[in-house]
Amino acid sequence: MAACWRLLSRSVSVVGHGHVCRNVLLSQTREKKRWMKAYTLIMERKRRIEGDPAPKPRSQQPNWDYHAEVEAFSARLKESFSVELLKTAFVNPCYLRSEEERRRTLGLDAEGAALNLRDNTELREHGQQFTLNFLKDWCKSNFPNLPDVGVTATVGHLTGSEVMCHVARNLAVEELAMTAEFPVPDDILQGTFFAVIGALEQSSGAEKAGLFVRDFLVTQLIGKDLFDMWKVVNPMGLLVEELTRRGTALPEPRLIQSAGASTVLPLYFVGLYSDRKLLAQGPGETLLAAEEEAARVALRKLFGYTENRKPFDFSLPQEKPQTAASRAVASG
């Protein structure tokens, strides 16, 4: 509520011993506009009828400098991008087609409607191939016991549209992407992020691009369960195949504990034994569900993807200090 203080009167009186007393009288005045309530109701009724306004891209709003924003993107990520390559990575083919069509509708000829821009198709393909190869090598080096099907599922999860778009939106790639429609569709945003990775690989080399992929994509595995990414329909069958390949005795399920078997919420604990050794145990509302959960726990142990595994090492590789013998050999 707006209000102001109005000066009503001001008088000066002289008190004994030469002191001066100033009396200032103030009163509060309401400044509530009469038309504000009616205007607010009308605008709210209009919003309900017409719906919320369509979102506008940042480039169509005031105080926008595209070149400065592209350079700020590179500086914010602390990466050495080539400015021209980075600008090319943000140009999608759909934007070129829509802009040329818009120019033709304004009456420009074919030569005047053509844009002197190169789209990100080549960078997108290059970045996608580099990302897939890097993630596959990283998974094999960190999870050597994980089969190829699990590696493919993990890489597919990290390069899927959900994870890629989540990372791209948090890095403000959507604000810089030049597309035909806004908000940017997931498939186009995913391709734009691949193009950014390709631009970084061509600007700074494979090592810097690999660290970028590791820092922003591999970290999405933290807190993620293996079988949330890898959909296994028959975990018991997969466990039998894995144990057979390793030459271990086949698993035998045994009921370990049960509670509330005659109630609507029963609980069973099934243990899997191999050569009289407990492999894993798992709970379930039925014996079959408990057996499948125990098989999943055993597979996590065999593949080295348990919840209490060693955390990922995302620190930078430290150079080993040279010894006196190595320095002597290097100096000749």
Side-chain angles (χ1 to χ4, degrees), residues 132 134-167 170 186 213-315:
L132 292 175
F134 176 83
L135 291 176
K136 187 177 296 184
D137 295 340
W138 186 90
C139 288
K140 289 183 177 180
S141 62
N142 285 269
F143 303 106
N145 296 327
L146 193 64
D148 293 339
V149 182
V151 171
T152 303
T154 305
V155 174
H157 168 75
L158 292 177
T159 56
S161 61
E162 182 179 357
V163 175
M164 294 283 290
C165 293
H166 170 73
V167 177
N170 282 276
D186 288 348
V213 173
R214 186 202 65 179
D215 293 342
F216 290 104
L217 290 182
V218 175
T219 50
Q220 303 302 312
L221 288 177
I222 297 176
K224 197 71 176 177
D225 184 70
L226 174 63
F227 296 107
D228 288 341
M229 303 177 290
W230 181 14
K231 303 300 181 183
V232 179
V233 180
N234 186 12
M236 194 64 181
L238 180 60
L239 178 61
V240 170
E241 293 179 3
E242 186 66 21
L243 293 179
T244 304
R245 187 179 64 83
R246 299 188 181 195
T248 310
L250 297 182
E252 299 179 3
R254 293 288 184 270
L255 179 62
I256 298 178
Q257 298 177 16
S258 65
S262 60
T263 64
V264 295
L265 293 176
L267 179 63
Y268 301 95
F269 275 87
V270 172
L272 295 180
Y273 290 84
S274 176
D275 196 14
R276 297 183 179 180
K277 295 180 180 179
L278 180 63
L279 291 179
Q281 59 180 340
E285 295 183 356
T286 62
L287 290 175
L288 181 59
E291 181 180 336
E292 291 183 352
E293 182 61 28
R296 291 189 178 92
V297 174
L299 288 172
R300 293 189 190 98
K301 291 182 178 180
L302 294 177
F303 297 151
Y305 203 103
T306 56
E307 294 180 355
N308 58 346
R309 66 182 182 274
K310 182 180 178 180
F312 298 127
D313 185 13
F314 294 121
S315 60

Requested in this report: Check ring pair (Phe, Tyr, Trp, His ring centres under 6.0 Å) between Phe269 and all other residues, then give those that pass, not counting sequence neighbours.
Outcome: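 Per chain and number, Phe269 pairs via ring pair (Phe, Tyr, Trp, His ring centres under 6.0 Å) with no residue.
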**Report entry** Residues forming a ring pair (Phe, Tyr, Trp, His ring centres under 6.0 Å) with Tyr305, sequence neighbours excluded
**Finding:**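 If we apply the ring pair (Phe, Tyr, Trp, His ring centres under 6.0 Å) test to Tyr305, skipping adjacent residues, the hits are Phe143.
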Any residue meeting side-chain contact (heavy atoms from CB on, under 4.5 Å) with [X], in chain and number order, not counting sequence neighbours:
X: Ala249; result: Ser274, Asp275
X: Ala294; result: Leu272
X: Arg254; result: Glu252, Tyr273

Report task. Evaluate the side chain to side chain contact (heavy atoms under 4.5 Å, CB included) criterion for residues Leu226 and Leu146: first the C-alpha distance (whole Å), next the side-chain angles of each, then the deciding distance (0.1 Å), finally the verdict. Result -> CA-CA 10 Å; Leu226 174 63; Leu146 193 64; 4.2 Å; yes
Could you pull out the closest heavy-atom pair between [X] and [Y], with the gap in Å?
X: Gly282; Y: Glu293; result: CA-CG, 4.1 Å
X: Ala298; Y: Ala280; result: N-CB, 3.6 Å
X: Val270; Y: Pro253; result: CG1-CB, 4.0 Å
X: Met236; Y: Pro251; result: CE-CG, 3.7 Å

Query raised in the report: Can you name the residues that form a side chain to side chain donor-acceptor pair (under 3.5 Å) with Thr306, not counting sequence neighbours?
Result: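 Only Asn308 meet the side chain to side chain donor-acceptor pair (under 3.5 Å) criterion with Thr306.
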Requested in this report: Kindly write out the residues that satisfy side chain to side chain donor-acceptor pair (under 3.5 Å) with Asp186, not counting sequence neighbours, or none if the list is empty.
Outcome: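 Result, side chain to side chain donor-acceptor pair (under 3.5 Å) vs Asp186: Arg169.
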List the atom pairs, donor and acceptor, that lie under 3.5 Å between side-chain atoms in residues 134-142 and the rest of the protein, sequence neighbours left out.
{"unit_1": "Ser141", "atom_1": "OG", "unit_2": "Asp137", "atom_2": "O", "d": "3.2"}
{"unit_1": "Ser141", "atom_1": "OG", "unit_2": "Trp138", "atom_2": "O", "d": "2.9"}
{"unit_1": "Asn142", "atom_1": "ND2", "unit_2": "Trp138", "atom_2": "O", "d": "2.8"}

Enumerate, atom names and distances included, each donor-acceptor pair closer than 3.5 Å involving a side-chain atom of residues 150-164, sequence neighbours excluded.
{"unit_1": "Thr152", "atom_1": "OG1", "unit_2": "Asp148", "atom_2": "O", "d": "2.8"}
{"unit_1": "Thr154", "atom_1": "OG1", "unit_2": "Gly150", "atom_2": "O", "d": "2.8"}
{"unit_1": "Thr159", "atom_1": "OG1", "unit_2": "Val155", "atom_2": "O", "d": "2.7"}

Report task. Find the distance between CZ (Phe312) and CD1 (Ile222) and round it off to the nearest 0.5 Å. Result ->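 Rounded to the nearest 0.5 Å, the CZ-CD1 separation comes out at 7.0 Å.
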Requested in this report: Quick one: which residue pairs count as a side chain to side chain donor-acceptor pair (under 3.5 Å) with a foot in residues 223-250, not counting sequence neighbours?
Outcome: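 Only Asp225-Arg300, Glu242-Arg245, Glu242-Arg246 qualify under side chain to side chain donor-acceptor pair (under 3.5 Å).
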Query raised in the report: With respect to Leu302, which candidate in Leu243, Leu279, Val297, Asn145 satisfies the side chain to side chain contact (heavy atoms under 4.5 Å, CB included) definition?
Result: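 By the side chain to side chain contact (heavy atoms under 4.5 Å, CB included) criterion, Leu302 pairs with just one of Leu243, Leu279, Val297, Asn145: Leu243.
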